[in-house]
Amino acid sequence: MIQTEEAKASISLSEVHRSVGIPRNVGFVKRLFSFAGPAYLVSVGYMDPGNWATDLEGGARFGYQLIWVLLMSNAMAVLLQTLSARMGIVTGRDLAQACRENYPKPVAYALWFLCEIAIAACDLAEVLGTAIGLNLLFNIPLLYGVILTAIDTLLFLIIQNFGIRKMEAFILALVATIGICFAVEMVLAQPVWSEVVTGFVPKLTSESLYVAIGILGATVMPHNLYLHSALVQTRAVDSTEEGKQQACKYNLLDTGIALNAAFFVNAAILVLSASVFYKNGIVVTEIKQAHELLTPLLGTTFAGVLFAVALIAAGQSSTLTGTLAGQIVMEGFLHIRIRPWLRRLITRFIAIVPAVIVIGIKGEHGSYDLLILSQVILSLQLPFAIIPLIQLTSDRNTMGSFANKTWVKALAWVTAIVIVGLNARLVAGTVSGWFEDAGENVFWLWVTVVPVVAVVFLLLLYITMPKSWRMRRKEEPTGIPVLELPTVQYRRIGVAIDHSETDGRVLAHASMLAKQNNAEVFLFHIVESVSVQLFGKEADDQEARSDMAFIHEMARQMATAGLKVESALGYGRVATELVNLAESHKVDLLIMGGHRHRGLRDLIFGSPISKVRHQLKIPVLVV
């Protein structure tokens, strides 16, 4: 079946959509294994370098006090990721597509913009984490490491070509590497477990609020909600209600296992930091400092190496899933499909620029603050992904019998209220601090910060409204459009011949179309000899004379068949000369022969077809 670009844009990750088969008549374990994967790709976002920064900061400054924040964040993540997966399975829509279809365009575009900020903030953490890991292992300066991270785009492209299951296996291997490294680190650190348990009792001070929100933003990541709703659609689930019910059950198990593994990694980092740094009265101001102090405090260089290896694994695994999330968000909200490598380069460029600026100005010490800030930005964006998800999965018109039950709604809205409340407290405290410190510049805060905060608040208020209160989005046309086929008639047909085996087929097509349209034919041939490249049509070498005789003979033979034919030679670059000949002879159709090579041979022998097609405004028929 031929798919239009519009049809492809309506499918999440169309290149791998329903590409993983679900076996029938097999045991529980094999069936679970076939569904396992999407949650593990999502879980890497819960153990990326941004988490490291917030967990290290929380453990070093507040001991075990913030473990409860990790547990609460993980419980929230399991609930929200389950809702995200359920949406993808039941509706066949990812969260970005559902937002586009249910909100007016300005609101949908605003949500897209905020999500792009979140993805850029997340990628910033990946850039810094990988660069720090390279610095720790190979002593590469942090600034050079940041620039080197642009190369990992190639890693993504290579892995993506092997299919979704291979990508999932690669990510799982990286996750396992992180888990093993920290399991060994915990054994070396020997924390006092009775003190660790006290950290599960909720306690929050004004000093720990900023770090707590950073932990929350690093754990419940907004773009992961978009990602999960698309990844579950890679499974060829039965479209029956029973098939969807079964898929939801297995994805709940997959999510629970994967995110609890992520909780173990985050808790291990915080416990490690508390038992090694807090116990010794050391405040960690950067990840590099944590690495350097692990060796003397734990008494082995092996601890530092494990730390650096796990950090690089975290950065690389998260950067792969961040690319997928960016692709999903752009296609879902905007219906724009660009090549994944280009999408990756754009995201990475947005992340590298602030990293280079901060490191250039503040040195390597600024990277840690930038990591913490990136996670707070993620947390501030969370409500704009969570609230639409709750609204849409509670809608019976969309979800049918799979709509959220009352107790699920209650838990989900409590989660949203907690996140919005913590963010509001942080924003209010930060803005009031700015006003206190502004002095004479307070006017600029009124004309810049206050309007932005007001607009964001109004947007949040709007998406929280019940669906019946909101402006309805104009329905987009669905189904197969009715085509109106205009009458096409060609009067002047240009034919490019190159003295090769394809000339016969090219001329046959030209003859047929010329007879059908009673059109005039213009034969074009380009002379490419060395002297022609130097002297143009002034050159009078053997190749030019031979080509002239050839094209005149072709014109004579076609004329004897009853066609009106003229011939013309071009001199120099094939693409440029063909465009010039087509425009000067005012042809309304150009017929060319395919060169039948690609890749490296295009670089060696040239590829004029694409250049000609892009420069001419008339149809180009390639035979």
Side-chain angles (χ1 to χ4, degrees), residues 1-9 14 335-339 342 477 479-528 547 550-599 601-603 605-623:
M1 182 176 69
I2 297 174
Q3 288 185 322
T4 63
E5 286 300 315
E6 186 69 23
K8 287 181 180 179
S14 58
H335 278 194
I336 294 176
R337 296 176 60 85
I338 64 176
R339 296 192 177 188
L342 181 58
I480 300 173
V482 178
L483 293 178
E484 295 182 5
L485 301 177
T487 301
V488 178
Q489 192 165 18
Y490 300 113
R491 294 298 184 189
R492 301 167 69 85
I493 300 175
V495 185
I497 54 179
D498 59 359
H499 213 161
S500 71
E501 60 183 17
T502 62
D503 285 346
R505 292 190 294 276
V506 171
L507 293 173
H509 280 77
S511 298
M512 177 185 67
L513 289 171
K515 289 176 181 177
Q516 289 176 352
N517 292 271
N518 192 26
E520 191 174 357
V521 177
F522 296 86
L523 299 185
F524 302 143
H525 179 72
I526 312 302
V527 185
E528 301 178 81
D547 287 348
F550 162 72
I551 196 171
H552 285 165
E553 176 58 21
M554 292 296 101
R556 187 192 67 77
Q557 291 184 28
M558 292 187 74
T560 58
L563 297 172
K564 294 178 285 185
V565 185
E566 291 185 21
S567 60
L569 285 178
Y571 301 87
R573 297 181 181 275
V574 175
T576 303
E577 288 300 306
L578 277 179
V579 170
N580 291 338
L581 288 171
E583 290 178 343
S584 62
H585 288 80
K586 297 180 180 178
V587 300
D588 44 26
L589 171 69
L590 179 64
I591 304 176
M592 300 177 64
H595 45 61
R596 303 180 69 182
H597 56 70
R598 60 183 179 180
R601 297 185 68 188
D602 278 354
L603 294 175
F605 300 110
S607 177
I609 293 175
S610 296
K611 296 177 182 177
V612 171
R613 285 175 53 243
H614 290 149
Q615 293 183 47
L616 285 177
K617 297 180 181 179
I618 59 172
V620 177
L621 172 62
V622 180
V623 178

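Any value given below was found using the heavy atoms of this structure, including those in side chains, with hydrogens, waters and symmetry copies removed.
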By side-chain hydrogen bond (donor to acceptor under 3.5 Å, both in side chains), Arg613 pairs with (sequence neighbours left out) none
Between Val521 and Ala514 the two heavy atoms that sit nearest each other are CG2-CB, 3.6 Å
Closest non-hydrogen atoms of Asp588 and Pro619, given as atom of the first, atom of the second and distance, are O-CD, 3.5 Å
Distance col, row Ile497:CD1 vs Ile551:CD1, nearest 0.5 angstrom, shows 4.5 Å
Is there a side-chain contact between [X] and [Y] (heavy atoms, below 4.5 Å)?
X      : Y      : answer
Leu523 : Leu507 : yes
Met592 : Leu578 : yes
Glu577 : Phe524 : no

Tabulate below the donor-acceptor pairs under 3.5 Å that side-chain atoms of residues 558-570 make, not counting sequence neighbours, or state none.
| from | atom 1 | to | atom 2 | distance (Å) |
| --- | --- | --- | --- | --- |
| Thr560 | OG1 | Gln557 | O | 2.5 |

Taken in chain and number order and not counting sequence neighbours, the residues that satisfy side-chain contact (heavy atoms from CB on, under 4.5 Å) with Ile618 are Val587, Leu590, Leu616
Residues at least two apart in sequence or cross-chain that pass ring pair (Phe, Tyr, Trp, His ring centres under 6.0 Å) with Phe550, listed by chain then number, are His499, His525
Those residues at least two apart in sequence (or on a different chain) that pass ring pair (Phe, Tyr, Trp, His ring centres under 6.0 Å) with His552 are none
The complete set of salt bridge (Lys or Arg N to Asp or Glu O under 4.0 Å) pairs with one or both residues in residues 485-498, sequence neighbours excluded, reads Arg492-Glu520
Taking Ser584 for its side chain and Leu581 for its backbone only, find out whether a donor-acceptor pair lies under 3.5 Å. yes
